[in-house]
Amino acid sequence: MADNTNDKSGKKIDYDFAAHERPLFDAWMDAGYFQRTPELGAGTGQPYTIVIPPPNITGVLHMGHALNDTIQDTCIRRARMQGRPTRWILGTDHAGISTQTKVDKKLADQGISRLEIGREAFIEACYDWYKEYGTTIVNQIKGMGCSCDYADEHFTLEPAYVKAVRKLFVDWYHDDLIYKGKRIVNWCPHCTTSISDDEAEYVDEAGHLWYLRYPLTEPEDGLEYLVVATTRPETMLGDTGVAVNPKDERFKHLVGKTVKLPLVDREIPIFADWHVDREFGTGCVKTTPAHDPNDWAMGERNGLERINIFDETAHVVDGFGAFSGMDRDEAREAVVAAFDELGLLEKVEDHDHSVMTCYRCHTKLEPWESEQWFVAVDGLKQDAARVVEDGSIQFHPERWKQVYLDWLDNLKDWCISRQLWWGHRIPMFYCDECGWEDASVEDVETCPVCGKPVRQDEDVLDTWFSSQLWPFATMGWTEEGMDAPQMKQAYPTQVLSTARDIMGLWVARMVMASMYCTDRIPFEHVIIHPTVMAADGKPMSKSRGNGVDPLRLMEDYGADGMRFGLLMQVTGAQDLKFNEAKLESSRNFANKIRNAARFVTMNLDDYVPGAPEPVTPADRWIFSRLAGLVARVDEAYGNFEFGEITRELFSFFWNEFCDWYIEFSKARLNGSPEDRAACQRNLVFVLDQALRLLHPIMPFVTEEIYQQLPIDRTEAPYLIVAAWPDADALAQYVDADAERAIDMVCETVSAIRSTRARYGISPKTQLAVAVKAGEDDIARLEAQRGLIEGMGNVASLQMAADVEKPAESSVTLAPGLEVYIVLSGLVDFEAERARLEKERVKLAADAAKLGKKLSNPGFLAKAAPEIVEKDRAKHAEMTDKLARVEAQLAELG
């Protein structure tokens, strides 16, 4: 699909986006505009910095990236135009598990494995893969027009970054904020590494609940066994207790006694713990401390033994007879069969539940006790909460603030070790000879105590551990700390834009790390953008086949069309149901901008530059509308309301500038030389200002047109560094009287045109028109009589505060205005009655619906006051309009 536009003869031609966009991008790059370089026009105001959420080197551009990168580029481009030294820091993440999985597969395709070639050779293979594929997503980001600082790209495994990560580990270790211990972790048997809670994906599964009989060691009062209910019968091999609720009268007398665990002949205690839900299953819970985090906690409280029955690939370890060597699924079947054979299987029920899976390979995770490194988060999260509570860091939308605080409040110690080879190797060194061990930023070869060779920890750090340093490790902090020039000038950064699913994984951890390392917040504002869902509201995924490729969208609609169309769909909602029609509308909008610019430039053959001057009421109207637009857009940027920004820009440029002001200008361009010159200057001024407002979202089409305008570009040879419109300077043009006058002209002419269209009346047929309005408005309209008569092709125009509705006429209602168009002999009045009745029914339904909403105490209590007031005003307008429609129907009879 291509963008259709017209050549001068009116013939349709295809618009080649790539042919126009890439040269402009290269020109911006060559001029150095993406770098923070004051002498190249980057400005002297307060620095404005954004760090890109570093995409994985394994990644390609998806819709989430497209939306997020558009938001960031929009912010950075506007700040650049405001004269602020800007820098959008670019870089990629090494993506530990993801990259290792890719390289493992590549080696497997060659018939070898990483275990055969060894750690060093495997890491070299990962670097080779990075060099070949790691720039893919960066090049795709360039295709979007993103104005990142490509001259200073970063990578989470570059030497300076590695040093920063090691320094943080060492500091936290020496401050007792990092420790090693045996805990239950989420273990992926396929990737053979631990996974954090936040990285696990939950999948609904149709499973079963098995009821197993555990014989009492000493039967009591005829009771020979307890029945436990479990979704994982295979883990009974590692049971070391049976728990009941302390208040459960059914089992109080058994607390302290024991059962004989079937199949392994292990005597285990019956104990009481408040964690047990009396309503689940039988009220008796098998307890496997080494394979369930809740059981682990109960085991700690009650002194239970921990028995790990699985190895790292989730196969039963030696010592369990025939079950040893079986994988989890095989062991489950064998255990259930053995219980059934012994007459100890009470029953089996269907039971749907959620299971955790690895976010990379989608294997079911195994709760598994292993020795890992942890961050003691209690010593860090207080400051991270405080700077959000006191408003130092603000969330947009504001509701995410509480989500962030709740996540921190519930945060448990963070497992940071991963059993991988690709990544930041943990900088812990051990001497097996004398027992010395310590963390060190620099590599240690020999023991400082006994002089023997030392070894380094085999594990690597969680990717999120390294990426938490991103805001400051990319700004010179590693070498010079807070004395680094970038840190002094531009830290904290201004904006972080990200998705909600990594608010805990990344955002909170960046705040914790920054407060510890720099004693400053890492960013002032956090934008949580909506998640882009498929049109049916389901998550986009390859397996569902409902994903949308941003590269295809840019081919079809251009980068501008995709960017504007995406932001048009942004609201305060949590999710965004992707609507491709919005991109088509945006492409048409880009075409409208080109056509409007073509009209202006084609009428500038005798143009003499000069200051703009709003002479006519139409001039004063468009200048006033422009001034109001700039103020509203600035306010929307302050609140990061990107959807509102696009709607304001679209409405002004298409509806007001193109549909009306250009139309008003056509007669003046054919008028006196003085009037033509003034009109030309005003057209150029308004178009230039509109292009500046549009540029952050639609950089290519606006830059292309800017280069064609007959304006002085000495200070700003490219639009990317042209000054942002000044709301204070434009405020002088605010003219409520002119806005009201021309708005009424537009309403009246629109009523005439829509009536012609509705009834199929030729534009050449002159019509008799009557307008009813207040006396002040009638005076305004009388001053514009010529515009109405000329644009509406009106034979007679009656305007008065007390005008009566002519016989056999249609009625169009506008705010404070009634337009009657005489249709005698031209239309079917039965159809007009039907139209009004249809409008009446719709108005009545809409007014009733909104009235019900406004009478709902829940809505009034929760909604923001300005929303309630806006809805009340809307309801009053609906009610008034309904009353007038009903009155017109009564007149028609």
Side-chain angles (χ1 to χ4, degrees), residues 205-245 248-273 275-292 294-295 298-299 302 304-310 314-353 355 366-367:
E205 181 180 78
H208 297 90
L209 201 57
W210 285 270
Y211 288 78
L212 309 178
R213 296 172 178 173
Y214 285 9
L216 287 163
T217 305
E218 297 179 1
E220 184 170 319
D221 298 330
L223 183 65
E224 296 185 354
Y225 50 79
L226 288 180
V227 178
V228 301
T230 179
T231 59
R232 303 197 63 204
E234 66 277 15
T235 62
M236 60 77 50
L237 298 171
D239 283 358
T240 57
V242 174
V244 298
N245 189 284
D248 197 328
E249 297 295 337
R250 296 172 296 173
F251 309 112
K252 259 188 175 182
H253 65 291
L254 296 177
V255 172
K257 300 185 181 299
T258 62
V259 296
K260 206 74 166 182
L261 189 65
L263 308 186
V264 293
D265 198 31
R266 181 185 306 135
E267 190 172 338
I268 60 176
I270 302 169
F271 65 96
D273 194 281
H275 175 75
V276 177
D277 180 1
R278 288 180 288 178
E279 304 302 319
F280 178 77
T282 64
C284 297
V285 176
K286 61 182 287 300
T287 310
T288 321
H291 292 283
D292 183 278
N294 295 320
D295 291 3
M298 285 196 291
N302 293 280
L304 300 185
E305 182 185 4
R306 300 196 297 269
I307 300 175
N308 206 333
I309 65 168
F310 291 133
H315 286 73
V316 180
V317 297
D318 292 340
F320 291 95
F323 302 109
S324 294
M326 293 182 180
D327 65 26
R328 292 177 292 182
D329 295 330
E330 292 169 337
R332 173 175 298 183
E333 291 184 12
V335 166
V336 170
F339 266 79
D340 193 20
E341 186 176 338
L342 292 171
L344 298 177
L345 180 62
E346 177 101 350
K347 60 179 178 177
V348 182
E349 294 177 346
D350 291 337
H351 180 73
D352 296 342
H353 61 123
V355 295
E366 182 65 40

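- In this structure, Asp248 contributes its side chain and Arg250 its backbone to a donor-acceptor pair below 3.5 Å.
- Minimum heavy-atom separation, Leu263 to Ala338: CD2-CB, 3.7 Å.
- By the 6.0 Å contact criterion, CD on Glu205 is enclosed, its count of non-hydrogen atoms from other residues, nucleotides or ligands being greater than 12.
- In this structure, CG on Leu223 lies 6.0 Å from NE2 on His253, to the nearest 0.5 angstrom.
- With a 4.5 Å cut-off on side-chain heavy atoms, Met236 and Thr230 do not count as touching.
- Among all heavy-atom pairs drawn from Gly325 and His315, the shortest one is O-CD2, 3.2 Å.
- To the nearest 0.5 angstrom, Thr258 atom OG1 is 10.5 Å from Leu226 atom CG.
- Residues Asn308 and Val317 are not in side-chain contact: their nearest non-hydrogen atoms beyond the backbone lie 4.5 Å or more apart.
- Residues passing the side-chain contact (heavy atoms from CB on, under 4.5 Å) test with Pro367, sequence neighbours excluded: Ile184, Arg232, Pro293.
- The shortest side-chain heavy-atom distance between Lys260 and Glu267 falls under the 4.5 Å cut-off.
- A 4.5 Å side-chain heavy-atom check between Ile270 and Tyr214 finds every atom pair outside the cut-off.
- Between the NE2 atom of His208 and the OG1 atom of Thr231 there is a distance of 12.0 Å, given to the nearest 0.5 Å.
- Tyr211 and Gly281 get closest at one heavy-atom pair: OH-CA, 3.9 Å.
- Asp277 CG: more than 12 foreign heavy atoms inside a 6.0 Å radius.
- Residues Val348 and Leu209 form no side-chain contact, since every pair of their non-hydrogen atoms from C-beta on lies 4.5 Å or further apart.
- Taking CZ of Phe251 as the reference point, atom OG1 of Thr282 lies at 5.5 Å (rounded to 0.5 Å).
- Here the CD atom belonging to Glu346 is positioned 12.0 Å from the CZ atom belonging to Phe339, to the nearest 0.5 angstrom.
- Of the candidates Thr240, Val259, Asp292, Val228, Val228 is the only one forming a side chain to side chain contact (heavy atoms under 4.5 Å, CB included) with Lys286.
- Nearest heavy-atom pair across Gly238 and Pro289 is O-CD, 4.3 Å.
- With sequence neighbours excluded, the residues forming a ring-ring contact (aromatic ring centres under 6.0 Å, His included) with Phe310 are His291, listed by chain and number.
- For the pairing with His275, the side chain to side chain contact (heavy atoms under 4.5 Å, CB included) check across Thr287, Asp295, Asn294 returns one residue only, Asn294.
- Remark: the backbone N or O of Val276 is paired with a side-chain donor or acceptor of Asn245 at under 3.5 angstrom.
- Side-chain contact check for Glu220 versus Leu254: some heavy-atom pair is nearer than 4.5 Å.
- A donor-acceptor pair is defined here as one N or O able to donate and one able to accept, closer than 3.5 Å; no such pair exists between the side chain of Arg328 and the backbone of Glu234.
- Here the CE atom belonging to Met298 is positioned 5.0 Å from the CZ atom belonging to Phe271, to the nearest 0.5 angstrom.
- Here the closest heavy-atom approach between residue Pro233 and residue Trp210 is recorded as CD-CE3, 3.3 Å.
- Under the 4.5 Å side-chain criterion, counting only non-hydrogen atoms from C-beta, Tyr225 is not in contact with Leu344.
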